[in-house]
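Structure record follows, encoded as structure tokens.
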Amino acid sequence: MGYFEQNVKVLETCYPGMALDIERAVEQSDEKIEEQISQDGERIIQIVKEGKKFYLGGKRNAKQPPHEWLLDQGELPEGFTFIMFGMGNVLYLKELIEHVNVRLNIVVYEPSIRIFKKCLDMIDLDKGMQKHLIIFWVEGLGKMTLAGIK
């Protein structure tokens, strides 16, 4: 079961025009992005490039490291800001969305539109977008580029 269409609708309500930007986004990389299931049953991303496989989440134990990371954060105050570089291991974002009850500011930079689109299929953003301010900065989505940061 995927969440892609649902998440695009949620993003469109929060950020009008984003659905069209996602539809028009050009995927410029040549790597192959595949979904795998880790040994502990989580959906993870595998990239195949030049015959080599790279996992963006643990292929054996994907669930535990993000959970332990969140526990290490301790008590988070209202309005705390997280800046995430890459969302290929979407379980870190999922931990924040599902287990933090105060409103957070979460800024996610993802340099690959292909990884971003795959992650949109792997996580339910609906409640997270209602509870937290989540901003996605995705390279190649609309006018978002690293050059735009200057």
Side chains of [X] and [Y]: does their closest heavy-atom pair fall under 4.5 Å?
X    : Y    : result
Q36  : K59  : no
I37  : R43  : yes
L133 : R103 : yes
N101 : K131 : yes
L70  : H67  : no
P65  : Y92  : yes

Taking side chain to side chain contact (heavy atoms under 4.5 Å, CB included) as the test, write out the residues that go with Q39, two or more places apart. R60

Quick check on K94: does its NZ atom have over 12 non-hydrogen neighbours (other residues, nucleotides or ligands) under 6.0 Å away? no

Using a cut-off of 6.0 Å, state whether more than 12 heavy atoms not belonging to E75 lie near its atom CD. no

Which heavy atom in [X] sits nearest to a heavy atom in [Y], and how many Å separate them?
X    : Y    : result
I45  : C119 : CD1-SG, 3.6 Å
L93  : I106 : CD1-CG2, 3.9 Å
L96  : M84  : CD1-SD, 4.2 Å
A62  : I44  : CB-CG2, 3.7 Å
P77  : V102 : O-CG2, 3.8 Å
R114 : I33  : CB-CD1, 3.4 Å

May I ask you to decide if E139's main-chain N or O and E110's side chain share a donor-acceptor pair within less than 3.5 Å? no

Could you tell me whether a side-chain N or O of D121 sits under 3.5 Å from a main-chain N or O of F4, the two making a donor and an acceptor? yes

Let me check something: do [X] and [Y] share a hydrophobic cluster, defined by ILVMFWY side-chain heavy atoms less than 4.5 Å apart, either directly or through other members?
X    : Y    : answer
L120 : I123 : yes
F54  : V48  : no
L20  : L11  : no
I97  : W69  : yes
L91  : F116 : no

Working to the nearest 0.5 angstrom, can you tell me the gap between [X] [atom1] and [Y] [atom2]?
X   : Y    : atom1 : atom2 : result
N7  : M122 : CG    : CE    : 12.0 Å
S38 : Q46  : OG    : CD    : 12.5 Å
M18 : F136 : CE    : CZ    : 7.0 Å
L56 : S112 : CG    : OG    : 9.0 Å

Under the criterion side-chain contact (heavy atoms from CB on, under 4.5 Å), I'd like the reasoning laid out for F82 against L76: C-alpha separation, chi angles, the key distance, then a yes or no. CA-CA 11 Å; F82 276 95; L76 297 170; 3.7 Å; yes

Going by salt bridge (Lys or Arg N to Asp or Glu O under 4.0 Å), name the residues that satisfy it together with E42, two or more places apart in sequence or in a different chain. K63

Consider only side-chain N and O atoms of D126 and Q6, and report whether a donor and an acceptor are under 3.5 Å apart. no

